[in-house]
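One structure is given below, encoded as structure tokens.
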Number of protein chains: 2
Amino acid sequence: MPRTSDKRERLITAAKTLFHEQGLAQTTLADIAATARVALGNVYYYFKTKDDIASAVIAERAAEVRDVLDSCDCASCPRECVVSVLKKMRGRAAEYVDKGCPVGALCQELGRSDSPLTDQAYGLVRAQIDWLTDKFGAMGRRDARDLAVQLVSEMQGVSLTARAIGDARLLRRQLDRLIEWVETL
Amino acid sequence: MPRTSDKRERLITAAKTLFHEQGLAQTTLADIAATARVALGNVYYYFKTKDDIASAVIAERAAEVRDVLDSCDCASCPRECVVSVLKKMRGRAAEYVDKGCPVGALCQELGRSDSPLTDQAYGLVRAQIDWLTDKFGAMGRRDARDLAVQLVSEMQGVSLTARAIGDARLLRRQLDRLIEWVETL
DNA sequence: GTCTATATGTTGATAGAC
DNA sequence: GTCTATCAACATATAGAC
């Protein structure tokens, strides 16, 4: 009997994937438990409610967002930092067209209920905006925040339209345009 | 006893509002029936399944999209047509921040299930892209489709980010930027 | 066409043995 | 900590009287 089990982590991982692929409302606790190979009744030892699982998943996504931004953060050139983010998304174009943006999906689904989860989900978007605002500011732009909002909006938007058309090349082309835009800013 | 009742229409109207405000999955047939003041059991006289209601709602949204685009369609100046669409959205900025974009919400929620509803929802986005492609083409742009995708993406994206920040002024400012962009295109 | 009553299935959550 | 069994609530959908 291990003093520490990885079941909690397995549950979060399973929930994260399922929420992304099927949405929060469509994913049942039975789904999560089965995917994580945990008995249904045992889920409640780790999480008091379904919302608690959702909260943990959003926290995980927040950590992922931080990791991505951190990995793109080079102290020398803020412009390169921004381009790095776009290139990273470009590398996952197929995934974005296939399953959509995990952050955008969470925001859209939780944007309606005004539970604490709503603000937590929107925090994922605000974190990106804040980071980009910092970079555009370092580039000497007075309108740094507006530019940050614009770029995050475009990233979210092109993900949706590319999905609607079902064309990953379209998404890559739009991201190339954004990269070019940032480089000539 | 009227030969024709408006119950079907009332049900669609109620469902349209509720889907927008709470989402499809969170809205029950009981909700719809109560809002439309129709007995629950009577709903099934008008719609065979819940998906049938959803389909009818999306069709209504499609008609709305067509109406908006038609009302912005002046044969003389394609640039003015595009600007009109943006101004119309600008006039509803508060509504977009409060409840989100109805089209974007439907796409996001139905984007995962690959029922016939998915393609129907994405058709709302494609209709906008096609209309804008036509206008940008009439403006002599070779990259008309890419511009159309870009603009629809931005409209969808700024709606989400403005919601995340909870600021209607931000949305208006971003739309002003887009209007300016189209005018100098 | 309209209603009440109910079948049928699913879900989040709990009880309690081990 | 883990499991099986199950509850209570709610959802979609149907049956059948009027």
Side-chain angles (χ1 to χ4, degrees), chain A residues 1-58 106 109-110 112-118 120-121, chain B residues 1-58 106 109-110 112-118 120-121:
Chain A
M1 48 175 74
R3 201 153 35 125
T4 68
S5 153
D6 64 340
K7 286 193 177 178
R8 189 189 154 87
E9 199 184 350
R10 289 216 309 270
L11 285 166
I12 294 176
T13 302
K16 191 172 64 174
T17 303
L18 289 169
F19 287 170
H20 187 193
E21 289 175 348
Q22 325 177 340
L24 230 138
Q26 282 71 32
T27 300
T28 69
L29 292 174
D31 284 339
I32 298 170
T35 303
R37 283 162 300 130
V38 172
L40 177 56
N42 199 6
V43 172
Y44 289 89
Y45 174 78
Y46 294 98
F47 300 98
K48 208 170 152 54
T49 66
K50 186 182 180 183
D51 274 9
D52 281 353
I53 301 182
S55 183
V57 167
I58 301 173
L106 283 172
E109 187 156 11
L110 291 169
R112 288 179 281 247
S113 56
D114 63 347
S115 62
L117 293 178
T118 307
Q120 199 185 352
Chain B
M1 55 176 73
R3 201 154 34 126
T4 68
S5 154
D6 64 340
K7 287 193 176 178
R8 190 189 154 87
E9 198 182 353
R10 289 216 308 271
L11 286 168
I12 294 176
T13 302
K16 191 172 63 174
T17 303
L18 290 169
F19 287 169
H20 188 192
E21 290 176 348
Q22 324 178 337
L24 231 140
Q26 283 71 31
T27 301
T28 68
L29 292 174
D31 285 339
I32 298 170
T35 303
R37 285 163 298 129
V38 173
L40 176 58
N42 198 6
V43 171
Y44 290 90
Y45 175 78
Y46 294 98
F47 300 97
K48 208 169 152 52
T49 66
K50 188 182 179 183
D51 274 9
D52 280 354
I53 301 182
S55 184
V57 167
I58 300 173
L106 283 171
E109 187 157 10
L110 292 168
R112 289 179 278 247
S113 56
D114 63 345
S115 62
L117 293 178
T118 306
Q120 200 186 351

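Being a predicted model, the structure only gives us computed values, none of them experimental. Below, read A as the first sequence line, B as the second, and so on, with proteins coming before strands; counting in each chain starts at 1.
When rounded to the nearest whole Å, the span between OH of B:Tyr45 and C1' of D:dA13 equals 18 Å. In this structure, the CG atom of B:Asn42 is 16 Å from the P atom of D:dA15, given to the nearest Å. Straight-line distance from the NZ atom of B:Lys50 to the C1' atom of D:dA11: 8 Å, rounded to whole Å. Atom OH in B:Tyr46 sits roughly 19 Å away from atom C1' in D:dT12 (whole-Å rounding). Rounding to whole angstrom units, CG of residue B:Leu40 and C1' of D:dC10 are separated by 12 Å. If you measure from atom CG of A:Leu29 to atom P of D:dC7, you get 19 Å, rounded to the nearest angstrom. Computed from coordinates, the B:Lys7 NZ to C:dT2 C1' distance equals 6 Å when rounded to whole Å. Atom-to-atom, OH of B:Tyr44 to P of D:dA11 comes out at 11 Å; the value is rounded to the nearest Å.
Contacts of A:Phe47 with the nucleic acid, taken as non-hydrogen atoms under 4.0 Å apart, are absent.
Place A:Gln26 and A:Gly41 on DNA chain C by their nearest nucleotides, and A:Gln26 ends up nearer the 5' end.
Of the candidates D:dA11, C:dA13, C:dT11, D:dA11 carries the atom nearest the B:Thr28 side chain, counting heavy atoms from C-beta on.
Separation of atoms CZ (A:Arg8) and CD1 (A:Ile53) is listed at 9.5 Å; rounding is to 0.5 Å.
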Item to check | Verdict with supporting geometry, B:Tyr46 and B:Asp52, side-chain contact (heavy atoms from CB on, under 4.5 Å) | outcome: CA-CA 9 Å; B:Tyr46 294 98; B:Asp52 280 354; over 6 Å; no

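Within the 4.5 Å cutoff, side-chain heavy atoms of A:Leu106 are placed close to those of A:Leu24.
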